[in-house]
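In this chain, residues are counted from 1 in sequence order.
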Amino acid sequence: MPIWDDEELPAASQPQSISQRVRAGNALPILSHSALFDLALFGHESFKRFYAEKVGYPYPNLPDIGQLANYDRYTNRSSDGACKEFYLDCLKNHIFREARAAGVDEETLAEARGQYDRVGVTAFAHLLGYPRFDLPQTLPLQVLANLPFKTYLTISASAFLEDALRRAGKQPLTKMCRWRGPVDAPEKDLWLIPDDYRPSAERPLVYHLCGLDAHPQTGAALPGSLALSEDDHLEMLVNLAEGRGKDTADRLPALVRGALFDDVILLGFRLDSWAFRGLYYGLIRQTGQGRDRRGVCVVQLPPEERAKQEKYLHGYLDREARLDIFWGNLEEYTDTLKELRQP
């Protein structure tokens with residue numbers, strides 16, 4: 001190290017841009033349930049309307065899925081498990097109706113109907129031919145799958161992201177968060193990551209923070225694994241905080257906590273949703289708080305809503321959450337990522 005003259009200053013090292021970190025695979029994409037539903041199936045808003053109708057929600061302005069689930073739990077169901085089983089039934093029925101409306105043939109519909117009680121939501125969609133990777137709506141999902149990310153975090157309980165990764169020639173490892181119940185349980189293969197596993201661009205980790213609709217190997221339904229309602233998300237926040245940093249009690253694997261130190265790319269979240277609040281306050285805010293920048297958040301709002309909320313959202317995301325804002329939809333954002341794919 002040389003001796004500096006008084007007027008000289010050492011050159012500051014320039015931090016990598018988010019684009020450079022994406023190209024190197026050193027960023028963590030976090031996909032919401034609504035993002036995957038929009039990209040892989042028939043649109044999250046149409047499902048939310050369907051779900052609200054089936055639970056008998058009486059008000060015209062629909063809240064997020066967590067609030068609808070809370071309403072169903074305390075208005076219609078006898079237990080938490082019954083609420084989650086009904087939610088999964090609503091997903092299957094919505095997928096079936098939309099597939100039928102899209103022209104899926106009667107033989108395929110009959111086969112799916114016959115397997116209804118034997119398969120989870122993801123496998124049920126597969127029986128109906130979805131996701132349709134020949135459709136333009138799935139292109140953003142395929143772009144994300146072809147980027148060199150080592151870890152993906154998702155709020156969705158479906159395995160459509162894994163479908164896209166396999167289509168891209170990768171071998172994803174699927175795990176979920178044990179947000180409720182004992183960590184050392186008989187089904188611990190669902191959340192324990194092998195000691196010798198190291199995520200890579202070719203063998204990425206897909207971590208489902210809010211549970212899985214079915215066991216990835218056996219296909220058995222897993223309604224009890226879902227963090228669905230507002231109450232679930234609050235419980236998850238508490239449980240993740242209680243075990244943080246404790247080797248035998250931490251509900252989040254070290255690999256996932258380590259990935260949260262990378263820049264995060266938040267895709268498809270409503271900032272007033274319980275899913276975002278649980279994710280941000282429970283994980284992102286607690287990891288790397290001293291850093292100047294945490295990543296990017298893709299925000300899609302109608303022009304009139306953006307005019308009302310832009311100042312607030314910019315202040316909240318920039319100063320509080322330390323996230324850059326990309327104003328636009330998922331298709332527009334992934335268009336900016338296409339150039340970053342490694343040859």
Side-chain angles (χ1 to χ4, degrees), residues 18-33 35-41 120-123 125-126 129-177 189-219 253-268 295 298 330-331 333-343:
I18 183 69
S19 296
Q20 290 171 316
R21 295 184 67 79
V22 168
R23 189 187 295 276
N26 295 327
L28 176 67
I30 306 177
L31 286 83
S32 69
H33 170 72
L36 278 172
F37 213 93
D38 285 341
L39 299 177
L41 293 173
V121 172
T122 302
H126 291 167
Y130 290 89
R132 287 273 308 276
F133 287 110
D134 58 321
L135 296 179
Q137 75 184 59
T138 65
L139 286 176
L141 190 56
Q142 295 182 66
V143 170
L144 290 169
N146 277 283
L147 286 164
F149 297 120
K150 302 178 185 70
T151 300
Y152 296 80
L153 186 64
T154 179
I155 306 302
S156 175
S158 70
F160 301 129
L161 176 55
E162 286 91 325
D163 291 339
L165 288 163
R166 292 188 190 97
R167 182 179 173 84
K170 301 183 180 185
Q171 298 176 314
L173 176 68
T174 298
K175 294 293 176 181
M176 73 175 197
C177 179
D189 62 301
L190 285 166
W191 54 84
L192 292 185
I193 298 174
D195 292 338
D196 60 351
Y197 172 76
R198 295 294 178 269
S200 66
E202 294 74 30
R203 296 180 64 238
L205 171 66
V206 180
Y207 195 75
H208 294 258
L209 186 63
C210 295
L212 284 165
D213 66 69
H215 195 292
Q217 278 77 50
T218 68
L255 281 176
V256 177
R257 286 207 184 272
L260 285 161
F261 279 94
D262 288 332
D263 289 332
V264 296
I265 304 173
L266 293 165
L267 300 166
V298 178
L330 295 180
E331 291 81 359
Y333 183 70
T334 52
D335 277 345
T336 69
L337 297 179
K338 285 180 183 178
E339 301 174 0
L340 304 178
R341 284 184 293 182
Q342 293 180 332

pair V264-L153: side-chain heavy atoms closer than 4.5 Å: no
Report the residues that fulfil ring pair (Phe, Tyr, Trp, His ring centres under 6.0 Å) with H33, sequence neighbours left out, ordered by chain and then residue number. F37, H44
Shortest non-hydrogen contact from A35 toward L330: CB-CD1, 3.6 Å
Value rounded to 0.5 Å, distance of CG in L161 from OG1 in T122: 11.0 Å
Nearest heavy atoms of A159 and D213, plus distance in Å: N-OD2, 4.3 Å
Are V256 and L205 close enough that some pair of their side-chain heavy atoms sits under 4.5 Å apart? yes
CG of L267 to CG of L144, rounded to nearest 0.5 Å, is 6.0 Å
Specify the closest pair of heavy atoms between R166 and P172, including all atoms of both residues, with the distance to one decimal. CG-CD, 3.8 Å
Please identify each residue that fulfils side chain to side chain donor-acceptor pair (under 3.5 Å) with D134, with sequence neighbours left out. R132
Report the distance from atom CD of Q142 to atom CG of L165, rounding to the nearest 0.5 Å. 11.0 Å
So do the side chains of Q137 and L41 get within less than 4.5 Å of each other, counting heavy atoms only? no
Sequence neighbours left out, what pairs pass side chain to side chain donor-acceptor pair (under 3.5 Å) with at least one residue falling in residues 198-210? E162-H208
Would you check if L190 and P216 make a side-chain contact, meaning some heavy-atom pair closer than 4.5 Å? yes
Is the shortest side-chain heavy-atom distance between F149 and L28 below 4.5 Å? no
Can you tell me how far apart CG (L31) and CD1 (I265) are? Round to the nearest 0.5 Å. 9.5 Å
Taking C-beta and beyond as the side chain, do P131 and H126 meet within less than 4.5 Å on heavy atoms? yes
With no hydrogens and no angle check, do the side chains of S156 and T154 hold a donor and an acceptor under 3.5 Å apart? no
Interatomic distance, OH@Y197 vs CG@L192, rounded to 0.5 Å, equals 14.5 Å
Strictly distance-based, threshold 3.5 Å: is any side-chain N or O of T151 a donor or acceptor partner for the main-chain N or O of A259? no
So do the side chains of K175 and P253 get within less than 4.5 Å of each other, counting heavy atoms only? no
Student check: side-chain heavy atoms of L139 and T334 closer than 4.5 Å: no
